[in-house]
Amino acid sequence: MKLGKRLAAAAAVWTLAATGWAGSQVSIRLVEASARGAGAPSGLSDVAEAIGANLRFDSYRLLASAVVPLPAARQTRRLGDYEVLCVGPQARLQIEVQRQGQRLLKTTVNLQDGRPFIVNGVRNAAGMDVLVFLAR
Amino acid sequence: MRGWSEILREAGAPEPAGGGPRAREEFWRDFKARARQRPQAAAPSPTAVALRWAAAAGAPLAAAASLALALRLWSGAPAAAAVGIESLEVVAAHRAVWVLSDASSGSTIVWVDWNEPPAAGAAR
């Protein structure tokens with residue numbers, strides 16, 4: 001029965017971890033926000049409301065996307081000209097954004113499942129680069 | 001092993017009244033007969049064993065899940081909390097930084113006015 005108790009304890013710890021700190025990955029999307037055109041393309045439907053309600057652009061185009069499993073152990077993802085470094089658990093995720101080797105910003109956030117975290121990049125030919133982080 | 005009757009016989013003791021202790025064979029025959037009259041517990045089937053293990057593991061699991069849920073509710077944190085920013089360091093040259101929180105979508109926006117030509121759009 002010792003094995004059974006150990007299994008039960010492990011299951012309990014796992015459940016606590018899973019329910020208390022839910023979210024197994026964070027998706028990162030590079031979006032081109034533009035003052036030309038209209039609408040949000042596929043691939044952004046889950047964040048279209050957040051983007052459309054808060055940013056003053058007319059159209060959004062998905063340029064690149066990546067996924068980082070959580071907790072992140074120094075995971076770097078390249079999205080177009082940007083490099084995004086993620087370190088740590090979802091509740092204390094360190095994010096560093098670089099563009100063409102230049103560090104733009106560094107932040108530590110507590111990501112909530114299904115709640116987008118949006119950081120703007122630099123201006124591009126059509127409008128503005130936007131990075132959208134979403135934990136699931 | 002010698003039976004009680006043999007010991008008494010060897011010791012030359014008189015046969016006790018009422019026949020004395022019964023012979024070993026007789027005793028076990030009666031014992032088995034009595035045992036057959038009562039239903040005996042059958043060995044648990046593999047399915048039953050598996051179910052017992054599942055129950056043993058599932059009960060603490062359910063308890064832990066309930067505890068986690070209760071802790072979440074008692075913590076007072078709203079279920080639809082927005083992204084929290086613990087620290088923010090804008091490294092590249094910039095003019096201004098805005099942090100916006102949209103309650104309706106639960107989104108959080110960090111908007112930086114970089115030192116570069118004006119953008120075509122901006123945060124509302």
Side-chain angles (χ1 to χ4, degrees), chain A residues 1 4-5 7-20 33-36 47 49-58 91-94 96-99 102-112 114-124 126-128 130 132-135, chain B residues 49-50 52-72 75 77-94 97-124:
Chain A
M1 204 58 197
K5 283 181 181 173
L7 281 173
V13 170
W14 180 87
T15 306
L16 272 175
T19 54
S34 171
R36 296 193 294 265
V47 293
E49 183 195 342
I51 292 177
N54 294 288
L55 305 183
R56 198 168 51 194
F57 294 94
D58 297 322
R92 205 168 184 279
L93 185 66
Q94 296 172 50
E96 187 178 306
V97 180
Q98 293 187 18
R99 181 176 177 270
Q102 182 194 10
R103 283 207 311 165
L104 296 182
L105 62 83
K106 192 175 173 182
T107 184
T108 302
V109 293
N110 178 5
L111 289 183
Q112 304 293 329
R115 308 286 166 183
F117 176 55
I118 300 168
V119 178
N120 74 302
V122 301
R123 192 180 71 89
N124 59 42
M128 181 74 79
V130 176
V132 182
F133 298 81
L134 186 68
Chain B
V49 172
R52 281 181 197 171
W53 274 85
L61 203 70
S66 304
L67 178 64
L69 183 63
L71 285 173
R72 275 194 155 191
S75 70
V83 174
I85 297 180
E86 195 172 300
S87 67
L88 174 64
E89 180 188 356
V90 180
V91 183
H94 62 284
V97 180
W98 293 273
V99 178
L100 313 172
S101 184
D102 177 26
S104 63
S105 65
S107 59
T108 299
I109 301 165
V110 171
W111 199 264
V112 183
D113 183 7
W114 305 105
N115 273 342
E116 58 179 8
R124 283 177 181 164

Exercise. Can you tell which part of A:Ala50 gets under 4.5 Å to a heavy atom of chain B, answering side chain, backbone, both or neither?
Key: both
Exercise. Given side-chain contact (heavy atoms from CB on, under 4.5 Å), test A:Thr107 with B:Val110 step by step and report yes or no.
Key: CA-CA 10 Å; A:Thr107 184; B:Val110 171; 5.7 Å; no
Self-check item: Approximate separation, where rounding is to 0.5 Å, of A:Lys106 NZ and B:Ser87 OG
Solution: 8.0 Å
Quiz item: What residues form a side-chain contact (heavy atoms from CB on, under 4.5 Å) with B:Ala92, not counting sequence neighbours?
Solution: A:Gln102, A:Leu104, B:Trp114
Quiz item: So, for A:Leu105 and B:Val90, which heavy atoms are closest and what is the spacing to 0.1 Å?
Solution: CB-CA, 4.0 Å
Practice problem: Could you tell me whether A:Arg99 atom CZ has more than 12 heavy atoms of other residues or ligands within 6.0 Å of it? | Solution: yes
Quiz item: Can you name the closest pair of heavy atoms from B:Val83 and A:Val109 and give their distance?
Solution: CG1-CB, 4.0 Å
Quiz item: Is there a side-chain contact between B:Leu100 and A:Asn54 (heavy atoms, below 4.5 Å)?
Solution: no
Quiz item: Who pairs with B:Val49 by side-chain contact (heavy atoms from CB on, under 4.5 Å), at least two apart in sequence or on another chain?
Solution: B:Pro44, B:Trp53
Quiz item: What distance do A:Leu55 atom CG and B:Ser107 atom OG have between them, rounded to the nearest 0.5 Å?
Solution: 8.5 Å
Self-check item: Distance (rounded to the nearest 0.5 Å) between A:Glu49 CD and B:Asp102 CG
Solution: 7.5 Å
